**Q** 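Below are the structure tokens for one structure; questions will follow.
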Amino acid sequence: MADKKLLLIDGNSVAFRAFYALYRQLENFRNPEGLHTNAIYTFKNMLDVVLNDVEPDHVLVAFDAGKTTFRNKMYADYKGGRQKTPSELSEQLPYIQELLHDLGLSTYELDNYEADDIIGTFVTIGEKEGFKVTVVTGDKDLTQLASPQTTVMVTKSGVLNLEAYTPEHMKKVNGVTPTEFIDMKALMGDNSDNYPGVTKIGPKKASQLIQEYGTVENLYDHVDDMKPSKMKENLINDKDKALLGKKLATIDRHAPLTIGIDDVKRRPIDYQKLRRFYEKMNFRKFLSELNPDGESQPQDQSEKANAKAVAFTELKENDINNFAITDGQTITFYLGMLGANYHLAKFVGFALKIDQKIFVSRNVDLLKEAKLKSMLEDKQITKNVFDLKRTTVGLNRLGIHARGIDYDMLLASYLINNENNSDDMGEICRMYGDNSVKSDYDVYGKGKSVHIPEDDQVLFNHLAGKIAAIENLKETLLAKLKEHEQDDLYANIEIPVARVLSVMEINGIKVQANTLTELQDEFAVDLKKMEQQIYHEAGEEFNINSPKQLGHILFEKMGLKPIKKTKTGYSTSVDVLNQLKDENPIIEQILTYRQIAKIQSTYVNGLLDVIQKDGRVHTRYLQTLTATGRLSSVDPNLQNIPTRTEEGKQIRKAFVPSEPDGYIFSCDYSQIELRVLAQVSGDEQMQEAFRTGYDIHAHTAMRIFHLKSTDDVTPLMRRRAKAVNFGIVYGISDYGLSKNLNIGRKKAKEFIDNYFEQYPQVKEYMNKAVQVAREKGYAETIMHRRRYLPDIHAKNYNVRSFAERTAINSPIQGSAADIIKIAMINMQKKLDDMHLKTKMVVQVHDELIFDVPKDELETIKKIVPEVMQSAVRLDIPLVADSGYGHNWFDAK
DNA sequence: TATCTCACG
DNA sequence: ACGTACGTGAGATAA
């Protein structure tokens with residue numbers, strides 16, 4: 001017979017993980033009474049997985065009883081300095097216990113003891129009684145309980161990804177046995193429990209020492225025999241700390257529990273109570289799982305109450321003539337399309353609100369009726385929408401030139417908080433506590449099963465509900481914008497730039513298919529040749545595009561040195577291959593093969609696939625995606641067309657002007673991010689350099705290498721200085737710079753130190769940026785664009801450091817994005833005012849591309865740089881360089 | 001769907 | 001002691 005199984009869960013630590021796993025969703029998980037439910041929800045998900053996996057007969061979820069335990073008697077500061085549990089989590093703990101009881105699972109807590117000790121004691125009992133024991137926790141400390149009978153599952157990321165610690169796995173990870181792990185911790189201490197361990201001893205050293213000496217006690221018996229070293233001194237000096245650490249780290253396996261193994265046997269689930277619990281918590285997913293047989297599917301009470309059905313009328317042709325709409329009135333409009341790519345997506349229907357009445361229809365052709373069309377095109381009739389650009393492009397396909405859209409719910413919510421970053425109206429509504437709108441994927445399905453609901457009620461409710469939500473949340477969102485001082489950013493940058501982008505997307509850019517197919521043939525021949533050579537060198541045929549197969553060939557069959565590993569095997573990235581170049585000629589061939597294969601598949605084939613019937617590609621600029629305020633470009637991405645290699649650049653020859661004798665004109669900002677840095681830091685030296693018009697990288701080289709003149713700067717020096725300049729913008733580290741420049745870390749640090757000496761205010765800016773982010777919880781651009789940085793307070797060094805670098809970089813990258821957006825708005829206005837036929841067609845972060853008729857070239861040459869350079873007034877000049885030619889390749 | 005790799009600023 | 005440059009999108013492979 002199989003062993004009996006005992007499952008022990010560390011309630012507090014798992015709840016803690018559960019809470020932070022869905023921390024970003026915190027405000028989305030609230031029941032109607034306002035209780036946060038994210039941790040409860042995630043805890044249940046974890047339970048499902050673990051119960052299913054372990055199939056235990058006995059289960060105990062242990063909780064910490066109170067603040068102080070017997071460990072505080074040994075060491076008053078035990079767990080001192082720990083931030084207290086956020087109230088959003090502690091309010092959920094009683095409900096987690098309630099849920100566990102409804103599920104027939106036992107919970108237990110004991111005064112003066114931690115959950116760890118309860119679990120440790122039950123492990124002892126369970127092992128004695130012949131149970132197979134599984135422990136689930138978020139705390140690595142409990143791995144000391146691992147044994148042949150006991151496996152300790154520790155959450156890795158979130159709560160569903162668990163790492164199983166058996167004694168063998170312990171050995172692999174820490175190099176020590178579970179019992180030795182206690183001694184190891186005694187030496188290295190524990191920051192989160194706030195006890196120090198021995199000075200200058202971390203996991204690595206501690207593991208080595210314990211592997212040699214077995215226990216802390218044995219180590220001190222032999223400490224005098226160790227050869228003199230700083231470490232030996234530290235060990236002797238900190239002996240007390242080590243011995244105390246051992247006591248604190250040891251889990252009590254004989255705590256005076258008042259329950260036994262029979263008390264934790266699983267009881268039947270109380271379905272009635274469970275259903276009431278899920279209803280109270282508004283857990284629709286779990287509720288629907290309660291009735292797999294489908295009989296009387298429980299109606300979600302709270303949702304019903306929340307979703308006051310919105311009244312609407314199906315629009316008929318005759319109604320249109322009865323519309324009485326006058327200038328200055330506002331209507332709310334929503335155009336439904338199936339799928340993300342609104343250039344091609346199927347129309348689902350529309351909804352609009354006029355005169356307090358909501359109309360809906362599946363038939364978008366009704367919009368072309370003269371009265372409706374002129375309303376939508378009337379600038380004096382203002383419109384509320386969700387996604388101005390999508391709506392404008394969609395209407396354009398119906399021959400309607402939308403005007404007067406001056407409120408965009410999507411843009412507003414993106415500016416207010418782009419952390420969760422959804423473009424689904426249902427999700428956005430829920431962020432603001434409005435549960436009335438379903439997500440599009442709930443209504444239309446996702447993946448293969450996307451379809452328009454046949455039931456009129458379902459579709460019309462959805463569309464009408466959106467109209468109501470746009471109006472209901474408008475005041476809230478506008479108030480938030482004001483509170484954030486973002487009204488200007490919203491009204492004078494994002495809304496106008498959305499209009500400009502609509503024009504650009506609708507115009508598209510002409511791409512010559514035959515140029516691409518010619519390249520396709522050339523590359524195909526080259527690839528075939530290289531393939532054969534590589535197979536020959538390797539001695540067998542394999543898939544060069546498979547990192548797995550390539551890794552096998554290079555590092556196992558050919559015995560090359562694996563320089564870097566990835567999660568799944570050997571890394572074969574450019575970095576690695578470049579370092580192996582001299583080992584074998586196959587490396588060079590693989591690099592070239594990869595480069596060409598990339599260009600062939602992504603650019604040649606990729607672009608050919610997206611050329612529309614009009615001979616153009618119509619990208620979509622995602623305006624509400626990036627964390628920094630930049631645009632991104634998809635279907636196709638026009639912001640990463642190759643420019644760095646000769647073969648890659650050929651792709652640009654396919655991008656041509658509308659008219660055969662016309663021009664592609666390109667104009668890009670020179671060093672815009674560094675100029676922004678000079679501006680926001682106010683650094684005198686750097687500003688002076690820009691005002692004088694120096695080559696900034698050469699100038700930096702001169703300064704950090706202590707030269708008298710830029711004439712003494714060698715190309716190598718300039719290259720290095722350039723890397724430092726870039727590094728600064730990214731929130732530099734000596735490690736990152738050393739890797740980038742292939743130099744020692746020490747040398748990299750020297751460069752950085754020199755840099756900060758020469759540009760002291762840049763250093764100040766960086767410190768201040770981090771400090772401000774810590775105080776406010778977000779970083780901000782010149783135009784008040786925000787990026788929230790909750791991780792700036794993270795305990796984990798890496799997570800926190802990342803947030804700190806982000807705090808430095810975001811205002812720089814974001815302000816540059818603000819500036820080019822302003823330039824685009826001014827540029828489009830200029831083109832319109834001057835009635836030019838020239839079209840602005842592409843934006844690549846610091847660069848604008850134009851499709852110019854022959855006779856407008858001279859005008860464009862003059863006005864584009866002017867407009868870009870005068871987008872904003874800074875303490876230093878903005879500079880824009882331009883070029884032109886009969887295709888994008890020649891426009892450098 | 002996740003992972004790796006590589007294209008851009 | 002640890003592991004790190006900032007921001008993106010797309011294709012191919014392998015699960």
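Atom set for the values below is all heavy atoms of this structure, side chains included, hydrogens, waters and symmetry mates excluded. A quick note: this is a predicted structure, and the numbers were derived from the prediction, not measured.
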**Q** Report the residues that fulfil ring-ring contact (aromatic ring centres under 6.0 Å, His included) with A:His343, sequence neighbours left out, ordered by chain and then residue number.
**A** A:His618
**Q** What's A:Ile201 touching, base or sugar-phosphate or nothing? Going by heavy atoms closer than 4.0 Å.
**A** nothing
**Q** Would A:Arg718 and A:Asp695 pass as an ion pair if we require N to O under 4.0 Å?
**A** yes
**Q** Taking all atoms of both residues into account, what is the closest heavy-atom pair of A:Asn640 and A:Tyr603, and its distance?
**A** O-OH, 2.6 Å
**Q** Give, ordered by number, those residues of residues 587-595 of chain A having at least one heavy-atom distance below 4.0 Å to an atom of DNA chain B; if nothing qualifies, reply none.
**A** A:Arg594, A:Gln595
**Q** For the P atoms, the ones on B:dT5 and on C:dA5, what distance do you get once it is rounded to whole angstrom?
**A** 14 Å
**Q** Once you apply a heavy-atom cut-off of 4.0 Å, does A:Leu631 come out as touching a base, just sugar-phosphate, or nothing?
**A** nothing
**Q** 5' to 3' on DNA chain B, which nucleotides open and close the contacts with chain A (atom under 4.0 Å from a heavy atom)?
**A** B:dT3 to B:dG9
**Q** Do you see a donor-acceptor pair shorter than 3.5 Å between the side chains of A:Thr619 and A:Ser633?
**A** yes
**Q** Please work out if A:Gly727 contacts a base, only the sugar-phosphate, or nothing of the nucleic acid, heavy-atom cut-off 4.0 Å.
**A** base
**Q** If you assign each of A:Ser733 and A:Asn605 to its closest nucleotide in DNA chain C, which residue comes earlier from the 5' end?
**A** A:Ser733
**Q** Determine the Euclidean distance between corresponding P atoms of B:dC6 and C:dC2; express it in Å to zero decimal places.
**A** 29 Å
**Q** Distance under 4.0 Å to a non-hydrogen atom of chain A counts as contact; along DNA chain C, which nucleotides mark the start and end?
**A** C:dA1 to C:dA15
**Q** Applying a 4.0 Å non-hydrogen cut-off, can you work out what A:Phe726 is touching in the nucleic acid: base, sugar-phosphate, or nothing?
**A** nothing
**Q** Between A:Tyr535 and A:Phe542, is there a donor-acceptor pair closer than 3.5 Å when you use the side chain of the first and the backbone of the second?
**A** yes
**Q** Can you list everything that forms a side chain to side chain contact (heavy atoms under 4.5 Å, CB included) with A:Arg719? Sequence neighbours excluded, please.
**A** A:Leu716, A:Leu741
**Q** For A:Asn637, report the nucleic acid contact type (base, sugar-phosphate, nothing); a contact means any heavy atom under 4.0 Å.
**A** sugar-phosphate
**Q** Contact class for A:Ala627 (heavy atom, under 4.0 Å): base, sugar-phosphate, or nothing?
**A** sugar-phosphate
**Q** Toward the 5' end of DNA chain C, which comes first, A:Ala723 or A:Lys200, by nearest nucleotide?
**A** A:Lys200
**Q** A:Glu531: what forms a salt bridge (Lys or Arg N to Asp or Glu O under 4.0 Å) with it, not counting sequence neighbours?
**A** A:Lys528
**Q** DNA chain C: stems of at least 3 consecutive Watson-Crick or G-U pairs, cut-off 3.5 Å?
**A** B:1-9 with C:6-14
**Q** Does one side chain, of A:Asp423 or A:Thr624, offer a donor that lies under 3.5 Å from an acceptor on the other?
**A** no
**Q** If you look at every strand shown and take non-hydrogen atoms under 4.0 Å, does A:Ile599 touch a base, only sugar-phosphate, or nothing?
**A** nothing
**Q** With no hydrogens and no angle check, just 3.5 Å: does a side-chain donor-acceptor pair link A:Glu494 and A:Gln623?
**A** yes
**Q** So, are A:Arg620 and A:Glu505 salt-bridged, with charged N and O less than 4.0 Å apart?
**A** no
**Q** Examine the side chains of A:Tyr570 and A:Glu556 and answer whether a donor and an acceptor come within less than 3.5 Å of each other.
**A** yes
**Q** Suppose we screen for side chain to side chain contact (heavy atoms under 4.5 Å, CB included). Which residues come up paired with A:Lys172, at least two apart in sequence or across chains?
**A** none
**Q** Need one value for A:Thr572: base, sugar-phosphate or nothing, where a base atom within 4.0 Å counts as base even if backbone is also close, heavy atoms only.
**A** sugar-phosphate
**Q** Please say whether the positively charged group of A:Arg786, taken as NZ for Lys or CZ for Arg, lies over the ring of A:Tyr778, i.e. under 6.0 angstrom from the six-membered ring centre and within 45 degrees of the axis.
**A** yes
**Q** Under 4.0 Å between any heavy atoms, over every strand shown, what does A:Val729 touch: base, sugar-phosphate, or nothing? Just pick one.
**A** nothing
**Q** Go through residues 540-549 of chain A and report each residue with a non-hydrogen atom lying under 4.0 Å from DNA chain C, sorted by number.
**A** A:Asn543, A:Asn545, A:Ser546, A:Lys548, A:Gln549
**Q** Look at all strands and tell whether A:Arg620 reaches a base, only sugar-phosphate, or nothing, counting heavy atoms closer than 4.0 Å.
**A** nothing
**Q** Pairing donors with acceptors under 3.5 angstrom, does anything connect the side chains of A:Arg787 and A:Thr781?
**A** no
**Q** Who pairs with A:Gln579 by side chain to side chain contact (heavy atoms under 4.5 Å, CB included), at least two apart in sequence or on another chain?
**A** A:Ile563
**Q** Report which part of the nucleic acid A:Ala803 touches: base, sugar-phosphate, or nothing (heavy-atom distance under 4.0 Å, all strands).
**A** nothing
**Q** Holding to side chain to side chain contact (heavy atoms under 4.5 Å, CB included), I want the full list of residues that pass it with A:Lys653, two or more places apart in sequence or in another chain.
**A** A:Thr515, A:Gln650, A:Asn887, A:Phe889
**Q** Could you list the donor-acceptor pairs under 3.5 angstrom formed between side-chain atoms of residues 724-736 of chain A and any protein atom two or more places apart in sequence or on another chain?
**A**
unit_1: A:Asn725; atom_1: OD1; unit_2: A:Tyr755; atom_2: OH; d: 2.9
unit_1: A:Asn725; atom_1: ND2; unit_2: A:His697; atom_2: ND1; d: 3.0
unit_1: A:Asn725; atom_1: ND2; unit_2: A:Thr700; atom_2: OG1; d: 3.1
unit_1: A:Ser733; atom_1: OG; unit_2: A:Gly736; atom_2: N; d: 3.0

